[in-house]
Novice: 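Here it is: the structure, laid out below.
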Protein chains: 2
Amino acid sequence: MSKERLIYLPLGGAGEIGMNAYVYGYGREGQERLILVDLGVTFPDMDTTPGVDLIFADIGWLAARADRLEAIFITHAHEDHVGAVGHLWQRLRVPVYARPFTANHAARKMQEQGNDPAQVKPVQAWPERIKAGPFEVSFLPVSHSIPESAGLVIDTPVGRIVHTGDFKLDPTPVLGDPFDPALWGEVVRAGVKVLTCDSTNVFSPNPGRSEASLAPAIRQLVARSSGMFVATTFASNIARLKTLAEAGQAAGRSVCLLGRAMRRMIEAGVESGVLTDFPKTVSPEEAGNIPRESLMLIVTGSQGERRAASAQLSRGKYMGLTLKEGDSFLFSSKTIPGNERGVLRIVNAYSEMGVDVIDDGADLYHVSGHANRPDLARIHKLIAPRVVVPMHGEHRHLREHVKLAEENGLNAIVAPNGTMLDLTGDTPKVAEFVETGRTYLDGSVQIGALDGVARDRIRMALNGHAVVTVVIDENDEPLGEPWVDLKGLAETGKSNVPLADILEADLEQFLGRASEDTLGDDDKIEDAMRRILRQSAEREIGKKPEVTVIVSRLTT
Amino acid sequence: MSKERLIYLPLGGAGEIGMNAYVYGYGREGQERLILVDLGVTFPDMDTTPGVDLIFADIGWLAARADRLEAIFITHAHEDHVGAVGHLWQRLRVPVYARPFTANHAARKMQEQGNDPAQVKPVQAWPERIKAGPFEVSFLPVSHSIPESAGLVIDTPVGRIVHTGDFKLDPTPVLGDPFDPALWGEVVRAGVKVLTCDSTNVFSPNPGRSEASLAPAIRQLVARSSGMFVATTFASNIARLKTLAEAGQAAGRSVCLLGRAMRRMIEAGVESGVLTDFPKTVSPEEAGNIPRESLMLIVTGSQGERRAASAQLSRGKYMGLTLKEGDSFLFSSKTIPGNERGVLRIVNAYSEMGVDVIDDGADLYHVSGHANRPDLARIHKLIAPRVVVPMHGEHRHLREHVKLAEENGLNAIVAPNGTMLDLTGDTPKVAEFVETGRTYLDGSVQIGALDGVARDRIRMALNGHAVVTVVIDENDEPLGEPWVDLKGLAETGKSNVPLADILEADLEQFLGRASEDTLGDDDKIEDAMRRILRQSAEREIGKKPEVTVIVSRLTT
């Protein structure tokens with residue numbers, strides 16, 4: 001009979017930035033009691049997941065072992081950590097623990113998906129401890145770009161794990177918990193077995209800068225501007241919202257928040273008690289009556305999202321407000337790779353209006369929420385774990401983070417999604433590879449990434465879709481002519497007559513010559529017609545469309 | 001009767017980076033004799049132009065006046081300047097002038113599209129002049145990131161225009177023409193009326209760096225590496241290829257070029273005489289027999305293109321070669337906005353193989369081919385034109401370039417695509433706005449951007465496609481049941497039975513109740529069925545698909 005062991009299994013977040021979901025377990029092999037850290041989403045894109053609403057980690061492995069799951073712990077309220085809780089909770093059905101601000105968000109997400117929000121348990125930070133089977137878990141306040149972020153101190157029968165969550169070392173985070181070396185010292189005093197650590201900024205060579213360092217530059221920028229001043233940042237970065245709003249206030253401007261997410265975040269901040277002294281704001285209606293040089297808007301849409309306030313303003317009026325020549329627009333944010341085109345679309349639209357756009361090329365108006373390379377080295381040293389397990393990064397980040405740890409004389413291992421590590425001893429071992437993947441939320445339905453739905457959409461988008469209908473009578477004779485309906489295809493090709501006519505003529509010719517044997521067999525008709533249509537289309541327009549053949553048989 | 005005037009009309013390239021096409025004209029209003037500078041392409045993306053092969057400027061305005069067109073001048077052989085020549089020449093049918101290396105490319109493009117390559121006339125640089133109606137045009141050698149780039153000196157009856165093309169001020173470009181202040185001095189001595197000027201790097205605050213400055217860092221990097229060394233850059237940057245190959249040679253490595261574009265560029269370089277002393281290369285077959293530590297590959301695919309050599313190598317074997325742990329891969333290039341995801345896909349695939357990727361975060365291994373802000377200011381000063389017309393940039397670049405010119409006391413004007421300027425006097429005036437747009441090459445067919453083809457593809461990709469077939473008999477009675485075929489949609493929704501079954505049941509119910517009036521009218525049937533299907537689908541899966549309804553009527 002096997003001995004008890006400590007395991008770690010990332011289902012999401014290791015090998016990508018997004019959809020974090022990390023499992024820890026302790027017990028005899030195959031009987032480990034489990035906890036889950038974070039349950040986030042990642043966002044779709046047109047290239048690989050058109051039409052999809054959200055992407056979750058495939059939690060099949062965990063759901064099949066839900067009877068062994070003790071609890072879910074959420075480190076902070078960013079979507080890539082909490083976004084899937086409402087959608088996937090039904091398959092896990094255990095309590096969800098988080099600090100109050102995060103719990104506020106998690107509970108709302110539970111409610112939105114028809115789950116009981118009371119399953120979310122707000123808890124206090126260290127030294128409060130939550131017992132979860134063989135584990136005891138405590139929330140360690142860390143600074144990040146959203147209030148009440150936490151690392152987790154996970155005590156196991158074989159030693160302590162520190163799971164950092166997303167973090168940076170910020171002594172002056174404007175709002176929320178500053179980096180507290182004394183507190184970390186207390187946590188690590190008895191020795192740490194495993195450090196599971198954020199890898200996002202391992203390629204950033206300089207020490208991270210503090211959130212508070214931005215205020216002077218932002219104040220100066222707002223003070224110098226003449227027309228309306230508009231700023232965007234992530235709605236969840238309440239510290240930044242505060243810095244921006246205070247800069248507006250200091251310049252004698254009324255501050256107006258635009259965008260649903262923006263207002264919801266401020267509400268959650270107030271409800272959970274993390275936000276106490278935000279400058280007074282005016283409503284969009286009130287803003288409409290304030291002279292533009294006395295107004296500051298703080299708006300959603302720093303990533304160029306088409307429906308966010310920033311994009312709407314770039315297309316014209318939004319909530320009764322319009323920008324014009326002489327106004328200023330500040331991106332107090334960084335563009336996430338993949339969002340460049342959307343952001344530039346907005347910047348150019350503002351340029352056409354004569355609005356001056358200030359982006360963060362010079363790093364004056366934005367700081368990252370993640371620990372940079374020297375900060376990571378500092379934490380490695382401070383915690384001095386037996387093993388470093390990099391997480392929250394693409395493969396290149398994980399690999400580089402392992403190199404960094406090894407440079408500092410630590411054991412470290414790359415463990416992408418699906419790699420189950422045995423962390424019982426002092427040297428991490430790969431115990432098993434578990435099949436992992438992605439689940440898509442598509443409308444209101446969850447579908448597997450490999451179900452072929454996205455693949456078919458991509459094919460229709462690349463090749464167009466031709467639908468052929470043919471009616472066959474009781475005697476297996478074609479009735480009338482085949483009908484071709486085209487979507488997403490050129491109307492005419494080389495022959496300069498409608499493409500559909502050409503295709504129909506070719507298909508009719510085939511039907512006229514087809515043997516009884518063929519006409520009696522739907523599969524044969526479909527195969528042949530698909531092939532003919534694709535050949536004809538290729539000749540006419542240089543493309544082979546996706547083809548659907550519908551054979552309607554009359555029966556009596 | 002109106003007087004003669006000098007006009008400028010960008011059909012592409014002003015308000016975007018890509019598909020350059022600039023018209024100049026001189027003569028009485030509506031009778032101006034015209035020349036065209038550049039005829040390039042831009043590249044499609046999945047978000048806006050799925051399945052499209054290439055994008056051209058809509059040259060409708062010019063084609064309608066082809067009888068007034070004298071000639072086409074191509075500044076250099078980049079695709080965004082020469083790529084549409086083969087595809088659009090039939091509509092213009094005038095001689096195409098370019099320097100030999102560029103002419104080599106243009107002629108090949110003509111041939112590929114079935115046009116006479118002899119229509120491309122290779123010409124020598126300044127002081128050689130080409131007469132084209134009221135214009136005399138001379139090619140002014142400039143440095144850029146491809147050999148034999150040229151600005152154009154365009155003499156008109158009312159003064160000289162300098163059209164820079166893409167350029168930088170490089171005294172040591174490794175290959176081709178260095179920046180020659182004396183030559184430029186000669187050109188501007190008699191005074192310049194208009195400077196039409198590259199705006200790409202107007203936001204880059206420091207003076208541009210020379211191509212030659214890269215060699216030491218690249219040599220050191222290659223010399224220090226142990227396994228196989230692989231580098232990628234734009235195939236057309238022959239100077240860079242030379243620097244890379246020489247670094248390999250210096251490190252005692254055999255050099256192998258991988259990728260069709262790479263070999264074609266070297267050929268064109270040799271044929272046109274711009275390339276004389278490229279290091280000896282080995283074939284991929286020979287490379288397979290060389291120890292990896294003695295081999296350097298220079299490969300296509302610096303932008304993450306899925307079918308290029310870099311991507312193929314990241315997925316496994318390519319031309320008999322594979323990378324492995326300990327090898328190095330250098331991006332001697334910058335990622336163009338929008339290509340980040342593709343590039344990172346490759347970087348992470350290499351990370352999984354254990355290949356060390358060196359990207360150009362620190363600007364050690366790549367320099368831009370465009371003049372930076374201080375370089376632009378220097379050119380403004382050197383040329384001292386009456387008017388600066390910024391081109392080759394998004395709107396934000398054009399606007400910023402105007403600001404820069406005005407800071408230096410010059411007249412300048414933002415003229416995006418379709419803005420016809422009257423440049424006759426000393427102050428530029430907007431003469432007219434001309435409708436411009438884009439044409440897509442889709443397979444072998446040219447379609448208008450507004451034809452709805454791309455729109456339909458995007459809709460199918462976002463919403464899926466449901467096809468409904470119903471057969472109606474001679475008495476306007478439905479024959480059998482309606483049939484639903486789904487593509488790109490979830491198979492089951494809320495009810496946990498096949499979605500198609502649910503939709504068919506709802507549609508059948510409708511048909512059973514439909515009035516004679518409805519059943520007699522295809523449009524009414526289609527509208528109703530589309531509406532019902534979308535409602536049912538929304539209820540079941542939370543999505544409204546694209547719907548095609550096909551009514552087959554039996555007639556006797």
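Chain letters run A, B, ... following the sequence lines, proteins first, then strands; residues in each count from 1.
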Novice: Of the backbone (N, CA, C, O) and the side chain (C-beta and beyond), which part of A:Val355 lies under 4.5 Å from a heavy atom of chain B, both, or neither?
Specialist: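 For A:Val355, the backbone is the part near chain B, not the side chain.
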Novice: So which part of B:Ile447 gets closer than 4.5 Å to some heavy atom of chain A, the side chain, the backbone, both or neither?
Specialist: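 Only the side chain of B:Ile447 comes within 4.5 Å of chain A.
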Novice: Can you say whether A:Asp485 sits under 4.5 Å from chain B via the side chain, the backbone, both, or neither, judging by heavy atoms?
Specialist: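 Contact with chain B is through the side chain of A:Asp485 alone.
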Novice: Which of the residues A:Gly480, A:Gly493, A:Ala490, A:Pro416 is involved in the greatest number of heavy-atom pairs with chain B at under 4.5 angstrom?
Specialist: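 Option with the greatest count: A:Ala490.
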Novice: Measure distances from B:Asp473 to the heavy atoms of chain A and classify the residue's part below 4.5 Å as side chain, backbone, both or neither.
Specialist: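 No part of it gets close to chain A.
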Novice: Considering only heavy atoms and a distance below 4.5 Å, find which of A:Val467, A:Asp442, A:Val471 pairs most often with chain B.
Specialist: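 That would be A:Asp442.
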Novice: Only pairs of heavy atoms separated by less than 4.5 Å count here; which of A:Ser444, A:Pro205, A:Gly342 has the most with chain B?
Specialist: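 Option with the top pair count is A:Ser444.
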Novice: Nearest heavy-atom pair of B:Lys487 and A:Val547: which atoms, and what distance?
Specialist: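 Scanning both residues, the minimum pair turns out to be NZ-O, 4.4 Å.
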Novice: Under 4.5 Å from any heavy atom of chain A, what part of B:Ile541 do you find: side chain, backbone, both or neither?
Specialist: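 Its backbone and side chain both get close to chain A.
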Novice: When rounded to the nearest 0.5 angstrom, what distance separates CG in B:Leu462 from CE in A:Met46?
Specialist: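 Separation between the atoms: 4.5 Å.
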Novice: Drop me the distance from A:Glu546's CD to B:His465's NE2, to the nearest 0.5 angstrom.
Specialist: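 That separation rounds to 12.5 Å.
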Novice: Identify which one of A:Arg399, A:Glu394, A:His397 satisfies the side chain to side chain donor-acceptor pair (under 3.5 Å) criterion when paired with B:Asn348.
Specialist: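 Answer after filtering A:Arg399, A:Glu394, A:His397: A:Glu394.
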Novice: Counting heavy-atom pairs closer than 4.5 Å to chain A, which one of B:Asn463, B:Leu344, B:Leu479, B:Val347 comes out on top?
Specialist: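 Heavy-atom pair counts peak at B:Leu344.
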Novice: Select, from A:Gly354, A:Ala537, A:Gly452, the one with the greatest count of heavy-atom pairs under 4.5 Å involving chain B.
Specialist: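 Answer, by heavy-atom pair count under 4.5 Å with chain B: A:Gly354.
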Novice: Just do the side chain to side chain contact (heavy atoms under 4.5 Å, CB included) check on A:Leu554 and B:Leu554 with the steps written out, would you?
Specialist: CA-CA 11 Å; A:Leu554 302 188; B:Leu554 303 188; 3.5 Å; yes
Novice: Of the listed residues (A:Ser351, A:Pro337, A:Gly51), which shares the most heavy-atom pairs with chain B below a 4.5 Å separation?
Specialist: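 Heavy-atom pairs under 4.5 Å are most numerous for A:Ser351.
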Novice: What pair of heavy atoms forms the shortest contact from A:Ala461 to B:Ala461, and how long is it?
Specialist: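 The answer is CB-CB, 3.7 Å.
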Novice: Closer than 4.0 angstrom, basic N to acidic O: yes or no for B:Asp45 and A:Arg341?
Specialist: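 The answer is yes: the pair qualifies as a salt bridge.
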Novice: For the pair A:Arg396 and B:Asp359, find out whether any cationic side-chain nitrogen is under 4.0 Å from an anionic carboxylate oxygen.
Specialist: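 Salt bridge flag = no for B:Asp359 with A:Arg396.
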Novice: Would the number of heavy atoms belonging to other residues, nucleotides or ligands and lying under 6.0 Å from CD of A:Glu491 be above 12?
Specialist: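 No, because the 6.0 Å sphere around CD of A:Glu491 holds 12 heavy atoms or fewer from other groups.
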Novice: B:Lys494, B:His395, B:Lys543, B:Glu352: which one forms the most heavy-atom pairs within less than 4.5 Å of chain A?
Specialist: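 The answer is B:His395.
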Novice: Counting heavy-atom pairs under 4.5 Å with chain A, which one of B:Gly488, B:Pro44, B:Gly443, B:Gly464 comes out on top?
Specialist: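 Greatest number of close heavy-atom pairs with chain A: B:Gly488.
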Novice: Would you mind checking which part of A:Thr492 comes under 4.5 Å of any heavy atom in chain B, side chain (CB onward), backbone (N, CA, C, O), both or neither?
Specialist: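 Backbone of A:Thr492 only, per the 4.5 Å heavy-atom cut-off to chain B.
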Novice: Could you tell me which portion of A:Glu540 (side chain, backbone, both or neither) has an atom closer than 4.5 angstrom to a non-hydrogen atom of chain B?
Specialist: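 Backbone only.
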Novice: Assess whether a salt bridge exists between B:Arg306 and A:Asp47, defined as any Lys/Arg side-chain N lying under 4.0 Å from an Asp/Glu carboxylate O.
Specialist: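 Salt bridge between B:Arg306 and A:Asp47, a charged N being under 4.0 Å from a carboxylate O: no.
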Novice: Can you name the closest pair of heavy atoms from A:Ser552 and B:Thr469 and give their distance?
Specialist: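 Shortest heavy-atom separation between A:Ser552 and B:Thr469 comes out as OG-CG2, 3.9 Å.
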Novice: Find the one option among A:Thr48, A:Val453, A:Val52, A:Asp456 whose heavy-atom pairs under 4.5 Å with chain B are most numerous.
Specialist: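 Ranked by contacts with chain B, first place is A:Val453.
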Novice: Flag yes if more than 12 heavy atoms outside A:Lys403 fall under 6.0 Å of its NZ atom; otherwise flag no.
Specialist: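 Result for NZ/A:Lys403: enclosed.
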